[in-house]
Number of protein chains: 2
Amino acid sequence: MVKRTSFEGDACPIARSLDAIGDWWSLLIIREARFGLRRFGQFQNKLGMAKNILSARLRVLVDHGILATAPASDGSAYQEYVLTEKGRGTFPILVALRQWSEEFDDHPEEIATILVDREKGRPVKKLEMRAEDGRLLSPADTMLKPRPAPRRRSAAARSDR
Amino acid sequence: MVKRTSFEGDACPIARSLDAIGDWWSLLIIREARFGLRRFGQFQNKLGMAKNILSARLRVLVDHGILATAPASDGSAYQEYVLTEKGRGTFPILVALRQWSEEFDDHPEEIATILVDREKGRPVKKLEMRAEDGRLLSPADTMLKPRPAPRRRSAAARSDR
DNA sequence: GGCCTATGGTTTTATGATGCAACCACACAA
DNA sequence: TTGTGTGGTTGCATCATAAAACCATAGGCC
């Protein structure tokens, strides 16, 4: 099969997320949904993407439990697409992407918006990774550990990362 | 043209990062590079991807300044691919993806590894977003502000997010 | 040197995904 | 009833991806 090599069975959590939202449009749709867009036409308008692939993406996102369809709020018999808890949980991913762009983009002056603390109106700090006890961790302070086997079932399978 | 709609000119920082690393393989290549892989064959072996597209991806990543080619360390006249500072800067993105998977995946028991604090061996906390003054921020505590115009040049252009 | 194998790719070819335009279905208003 | 706007689906041309074959170079061995 020449298939798009799904990472669904992969043991690596990064591959698994990419399987759900690792394509060109999904994260942008989620971004707009975070801004309150709900209707097919709103997404299509804002993102300027082809309607058929928007349709396909929405369906996949609903299948993955990232969006849910609601029976329309304004009376009209159409659907609305709203973020689920899982969908809202992508927020740190979006922030990480944004901050990476802000820090390393070759033309940061072209970036139109900055993410600020609503109360003070000041830019937020870079995402921080901390240990359980609160110590700030750098990448080098971390490592990967094999998952403690979930009780029996000899975990010999794919030892992928 | 039917082209892959590049987001390069877009004003949204998320779209801009997706333009560089938003495809199926790039982040996985970066992940492996973080683990110390450097050679073409190592990537090909570990990721099991077709050699031609590995070749293409590596080239794009080098073009974007995420990887750099080094003239081989073991004598052989081949190249090695090492992460640049920009490449290492993707770490929070990888962590965010990993944590999203850990939290929302339908089959979290299939995830093989956990990210731990090297010193204590305990799982790291979820990524935290803080204000300049150190307050912990939830998504709702943040908002987007238009970028303060970088001195002259009437910023009327694409007011995309 | 001649032969084998490993490494690091490029080329070829088939198929899936994307983008655009056209079309259909439904609701609502004039 | 005709029009108009919304919410999609269908067809088709083009692009990207995947798999395998092919090529080039280097090193080991005789």
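Throughout, protein chains are lettered first and strands after them, A, B, ... in sequence-line order, and every chain is numbered starting at 1. The model shown is predicted, which means the values in this text are computed figures rather than measured ones.
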J.: What is the separation between atom CD1 on B:I53 and atom C1' on C:dG9, rounded to the nearest whole Å?
T.: 14 Å
J.: Please name the pair of heavy atoms, one in A:R57 and one in A:W25, separated by the smallest distance, quoted to 0.1 Å.
T.: CG-CB, 4.2 Å
J.: Among D:dG7, C:dG19, C:dA17, which nucleotide sits nearest the side chain of A:F40?
T.: D:dG7
J.: Are A:W25 and C:dG19 close enough that a side-chain N or O sits under 4.0 Å from OP1 or OP2?
T.: yes
J.: Does the side chain of B:E110 reach to within under 4.5 Å of the side chain of A:R16, using non-hydrogen atoms?
T.: yes
J.: Given D:dG8, is OP1 or OP2 found less than 4.0 Å from the side-chain N or O atoms of A:Y81?
T.: yes
J.: Hey, are A:N52 and A:S55 close enough side-chain-wise for a donor-acceptor pair under 3.5 Å?
T.: no
J.: If we count only N and O atoms by modelled type, under 3.5 Å, do the side chains of A:R98 and A:T113 hold a donor and an acceptor together?
T.: yes
J.: Check whether any side-chain nitrogen or oxygen of A:R57 sits under 4.0 Å from OP1 or OP2 of C:dA17, and answer yes or no.
T.: no
J.: Can you tell me which nucleotide in C:dC20, C:dT10, D:dA18 comes closest to the side chain of B:R59?
T.: C:dT10
J.: Starting from P on C:dG9, measure out to CG on B:L54 and report it in whole angstrom.
T.: 8 Å
J.: What's the closest nucleotide to the B:R39 side chain, out of C:dG19, C:dG8, D:dT9?
T.: C:dG8
J.: For the pair made of CD in B:Q44 and C1' in C:dG9, what is the distance, rounded to whole Å?
T.: 10 Å
J.: Out of C:dG19, D:dG8, C:dT10, which has the shortest distance to the side chain of B:S55?
T.: C:dT10
J.: Among C:dG19, C:dA25, D:dA18, find the nucleotide with the atom closest to the side chain of A:Y78.
T.: C:dA25
J.: Once you round it to whole Å, what is the distance between P of C:dG8 and CD of B:Q79?
T.: 10 Å
J.: Check this for me: does the side-chain of B:N52 come within 3.5 Å of the base of C:dG8 through a donor and an acceptor?
T.: no
J.: May I have the distance from A:D23 (atom CG) to D:dT17 (atom C1'), rounded to whole angstrom?
T.: 15 Å
